[in-house]
Protein chains: 4
Amino acid sequence: MRNRIINSASELFTEKGVEKTSLAEISAKANISKGTLYYHFTTKNDLVFAVTEMHMENLTQNLLKLLNTGDPPEEIVGKLFDTVPNAETRSRLHIYLVREAVTENRELLKKFHDIYGRWKKMLIKGLNEVIPGLEDPEALAGFFIAAVDGLVIQNLLSINEVETERYVKLIKLLLKNEKGEENVKY
Amino acid sequence: MRNRIINSASELFTEKGVEKTSLAEISAKANISKGTLYYHFTTKNDLVFAVTEMHMENLTQNLLKLLNTGDPPEEIVGKLFDTVPNAETRSRLHIYLVREAVTENRELLKKFHDIYGRWKKMLIKGLNEVIPGLEDPEALAGFFIAAVDGLVIQNLLSINEVETERYVKLIKLLLKNEKGEENVKY
Amino acid sequence: MRNRIINSASELFTEKGVEKTSLAEISAKANISKGTLYYHFTTKNDLVFAVTEMHMENLTQNLLKLLNTGDPPEEIVGKLFDTVPNAETRSRLHIYLVREAVTENRELLKKFHDIYGRWKKMLIKGLNEVIPGLEDPEALAGFFIAAVDGLVIQNLLSINEVETERYVKLIKLLLKNEKGEENVKY
Amino acid sequence: MRNRIINSASELFTEKGVEKTSLAEISAKANISKGTLYYHFTTKNDLVFAVTEMHMENLTQNLLKLLNTGDPPEEIVGKLFDTVPNAETRSRLHIYLVREAVTENRELLKKFHDIYGRWKKMLIKGLNEVIPGLEDPEALAGFFIAAVDGLVIQNLLSINEVETERYVKLIKLLLKNEKGEENVKY
DNA sequence: GATGAATGAGACTTCATTCAT
DNA sequence: TATGAATGAAGTCTCATTCAT
């Protein structure tokens with residue numbers, strides 16, 4: 001039941017954003033009464049939080065899978081840049097939830113803070129394993145995550161006319177050099 | 001008068017997001033009546049659009065100034081990564097407006113689409129001027145913009161513990177290699 | 001308009017009490033939309049406060065009139081005991097509003113506090129004018145007001161089978177003796 | 001079990017009034033489920049009635065004890081005026097329940113009617129025993145009860161700055177004269 | 001140009017009550 | 001006896017928008 005509600009909410013949030021989705025619509029989609037919804041979630045924010053948890057958990061699982069394929073690093077990062085920003089459904093939801101976290105929802109903000117931290121650690125570990133000797137893996141991880149989020153935005157705004165491979169090529173260059181070669185003047 | 005309204009709206013949008021800001025509040029802050037507000041803007045969306053225009057114009061001007069300093073490229077990109085994501089006020093507004101554009105506001109979406117396109121072109125031109133011979137300046141520009149937006153998000157979520165210089169160092173490496181050196185196995 | 005709303009609310013509060021009267025009912029009775037009601041009163045409590053103010057003002061005016069008739073004191077007090085508790089409409093409203101003041105409504109509580117104080121002062125002044133030399137006019141005033149309120153309750157509970165004259169007779173005795181005669185053992 | 005529920009309800013009613021207390025809160029406080037509450041009380045009104053019965057029984061027992069102390073009448077009435085209005089807890093509950101009885105609760109109204117009648121009779125009997133020859137003991141009893149209720153209200157409204165002794169002195173005068181002395185012009 | 005009173009649709013939330021287990 | 005999930009009706013409040021002045 002809780003899950004049924006979360007799923008309905010998730011879909012509607014993705015479609016119209018959190019604020020434009022009413023509890024009435026959610027309960028209608030879940031085929032339950034508004035009262036039932038209230039029984040399971042004390043507050044709309046409660047529900048938003050639950051949806052966020054599920055969403056973030058999904059993304060984390062995907063990232064884990066990606067890191068455990070044993071693929072060469074440029075392949076992994078390539079897939080990362082290919083998959084995430086192009087999953088429109090999740091992208092939308094992500095932006096909506098970020099927006100929610102940014103205002104008036106401390107709890108949600110903390111959730112995001114924690115998960116992003118976890119992602120960064122996962123990436124750092126993954127990078128270190130496959131490319132030993134990186135100079136600043138932390139910056140690299142933060143940078144990759146930022147780029148992914150930024151591409152998410154560009155995709156939502158239908159701006160991205162560059163094929164992923166071209167980005168991947170850039171990343172390859174980046175990784176190669178970060179491996180610690182002496183800095184050359186360009 | 002129009003500007004007074006736009007400024008008031010801008011501040012309130014930044015503070016609480018578009019949807020949680022009521023026209024009543026805006027007119028109160030601008031010291032005018034709700035009626036007057038409606039005299040100048042047919043609709044709330046109208047106002048949102050006007051605010052977006054101003055906001056985007058500001059960002060564009062900043063980018064232009066940055067590109068025209070004549071600084072070396074890594075300096076420019078460094079400043080870009082240093083300034084934009086750390087301007088909390090603008091960051092918030094930006095995320096709020098993006099969110100607004102992504103749902104139910106075709107006109108706004110187009111606005112964003114256009115401006116991001118313009119930014120990309122400006123960056124490409126800038127890059128080409130200072131670093132002739134780049135292999136894929138378009139991908140590079142898109143990538144930089146994405147990274148900036150992503151860092152905006154990380155800052156809003158209070159996640160970014162990496163100092164900008166470390167990012168800049170990464171970018172330097174990227175630029176160096178992108179200059180067309182033969183690809184080396186890492 | 002404000003008055004129209006206050007009157008409608010007043011009637012409904014009297015009929016069913018404050019908490020069982022919905023803003024929907026009030027606006028229906030006043031032939032306006034719920035929105036209009038909200039336009040004039042930010043909150044249900046606001047409206048309750050306004051109704052209280054009007055109600056208390058009415059009672060105060062009545063008391064003033066009574067005190068200025070120039071009648072002999074026992075007549076005045078007699079009328080007080082006769083009029084107030086028997087005005088069912090006002091009695092009900094009074095009890096409902098007292099109830100409201102007693103919980104969760106600081107402002108209302110203060111209002112009641114102030115008005116009761118004013119009434120006491122008016123009574124003291126009146127008593128002193130017509131019966132000079134009273135020993136403890138303050139206690140007397142408090143006592144009379146208490147008795148009136150108590151009879152209000154009894155009337156609402158349909159308990160009062162004693163005719164007012166019999167109470168008036170008691171009061172006469174009280175006033176006579178309070179004039180300062182030496183205390184006699186009974 | 002029933003008593004546990006009644007006590008929890010009693011406390012909550014005292015704190016927040018009948019209408020603002022939900023059955024959910026009551027069952028939570030009584031550490032039982034809402035279902036169990038409904039097993040014992042068919043309806044919220046049922047519970048209110050039970051609470052009233054207990055409350056009124058308590059007050060009646062107190063009055064009985066007071067009347068059976070064998071103290072001189074002015075002492076008894078003094079204690080009455082001293083104890084009842086100053087017992088804040090009971091006072092609040094009393095006002096809340098009166099309010100409940102006055103609207104939409106016939107059964108409750110009858111209960112109050114009956115108990116107030118019984119109190120009056122008890123007082124009359126008590127007065128007659130200790131002060132034989134009273135002219136109108138019924139009026140006196142009604143008057144005393146009214147005064148007590150009125151002082152309850154004043155205390156709840158934090159208005160009563162007069163010490164009880166001063167009221168008692170008034171009552172003494174009243175009793176003395178009521179004993180049948182010839183009426184003197186004042 | 002400017003105002004502010006009026007509106008109606010709808011949002012979130014509350015809660016007494018029912019009922020299968 | 002006891003439970004707790006489910007419900008539906010209703011309550012307070014919010015707000016973008018209209019319109020006569």
Side-chain angles (χ1 to χ4, degrees), chain A residues 1-2 4-5 18-28 30-48, chain B residues 1-2 4-5 9 16 18-28 30-48, chain C residues 1-2 4-5 16 18-28 30-48, chain D residues 1-2 4-5 16 18-28 30-48:
Chain A
M1 176 87 294
R2 252 184 84 91
R4 199 158 106 210
I5 296 172
V18 174
E19 321 192 29
K20 308 260 170 161
T21 301
S22 74
L23 298 184
E25 286 169 301
I26 295 171
S27 52
N31 260 94
I32 55 168
S33 73
K34 259 190 288 180
T36 303
L37 202 161
Y38 170 73
Y39 180 75
H40 290 281
F41 299 91
T42 321
T43 249
K44 192 183 183 181
N45 266 355
D46 247 41
L47 180 52
V48 172
Chain B
M1 175 90 296
R2 254 184 80 92
R4 199 158 103 209
I5 297 173
K16 341 170 40 184
V18 175
E19 321 196 26
K20 309 258 168 161
T21 301
S22 72
L23 298 185
E25 286 170 300
I26 294 170
S27 51
N31 262 93
I32 56 167
S33 73
K34 248 190 292 184
T36 304
L37 201 159
Y38 265 87
Y39 181 80
H40 289 283
F41 298 91
T42 322
T43 241
K44 192 184 183 180
N45 267 354
D46 248 40
L47 180 51
V48 172
Chain C
M1 177 88 293
R2 252 185 85 93
R4 198 158 106 212
I5 296 172
K16 343 172 38 187
V18 174
E19 320 193 30
K20 308 261 169 162
T21 301
S22 74
L23 298 184
E25 287 170 302
I26 294 170
S27 52
N31 259 93
I32 55 168
S33 73
K34 261 190 287 178
T36 304
L37 201 160
Y38 170 74
Y39 179 76
H40 290 281
F41 299 91
T42 320
T43 248
K44 192 182 182 182
N45 267 357
D46 246 41
L47 179 52
V48 172
Chain D
M1 175 89 297
R2 256 185 81 93
R4 199 157 104 210
I5 297 172
K16 342 170 41 185
V18 174
E19 319 193 30
K20 309 258 167 159
T21 301
S22 72
L23 297 185
E25 288 170 298
I26 294 170
S27 51
N31 261 93
I32 55 168
S33 73
K34 246 191 295 183
T36 305
L37 201 161
Y38 264 87
Y39 181 79
H40 289 284
F41 297 92
T42 320
T43 242
K44 193 184 183 180
N45 267 353
D46 246 42
L47 179 52
V48 172

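Sequence lines set the chain letters: A, B, ... in the order given, protein chains first and strands last, and positions in each chain run from 1. Everything numeric in this text was worked out from a predicted model, so none of it was measured.
Nearest-nucleotide mapping onto DNA chain F: of Thr36(A) and Tyr39(D), the residue sitting toward the 5' end is Tyr39(D).
Not a single side-chain hydrogen bond (donor to acceptor under 3.5 Å, both in side chains) links Thr21(C) to another residue, sequence neighbours left out.
In DNA chain F, runs of at least 3 consecutive Watson-Crick or G-U pairs, each pair with both distances below 3.5 Å, span E:2-21 with F:2-21.
The one candidate from Leu47(B), Thr43(B), Thr42(B) that meets the side chain to side chain contact (heavy atoms under 4.5 Å, CB included) condition with Asn45(B) is Thr43(B).
At whole-Å resolution of the value, CZ in Arg4(D) and P in dT1(F) are 14 Å apart. Computed from coordinates, the Leu37(A) CG to dG8(F) P distance equals 13 Å when rounded to whole Å. Rounded to whole Å, atom C1' of dT7(E) lies 14 Å from atom CG of Asn31(C). In this structure, Leu47(B) atom CG and dC15(F) atom C1' are separated by 15 Å, rounded to whole Å. The CZ atom of Arg2(B) sits 16 Å away from the C1' atom of dA2(E) (whole-angstrom rounding). At whole-Å resolution of the value, CD1 in Ile26(B) and P in dA16(F) are 8 Å apart. Here dA2(E) presents its P atom at 7 Å from CE of Met1(B), a figure rounded to the nearest Å.
For the atom pair CZ (Arg2(A)) and OG1 (Thr36(A)), the distance works out to 14.0 Å, reported to the nearest 0.5 Å. How far CD of Glu25(B) is from NZ of Lys34(B): 11.0 Å, rounded to the nearest 0.5 Å. The CD1 atom of Ile26(D) sits 9.5 Å away from the CZ atom of Phe41(D) when rounded to the nearest 0.5 Å.
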*Reading nucleotides 12-20 of chain E from the 5' end, what letters show protein touch, with B for base, S for backbone sugar-phosphate only, - for no heavy atom under 4.0 Å?*
SBBBSBB--

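Side chain of Ser33(A), nearest nucleotide from dT7(E), dT7(F), dT3(F): dT7(F).
Looking at heavy atoms from C-beta onward, Ile32(A) lies out of side-chain contact with His40(A) at the 4.5 angstrom threshold. Contact annotation: the side chain of Leu23(C) never approaches that of Tyr38(C) to less than 4.5 Å [non-hydrogen atoms, C-beta and beyond].
The heavy-atom pair separating Ile5(C) from Ala30(C) by the smallest distance is CA-CB, 4.4 Å.
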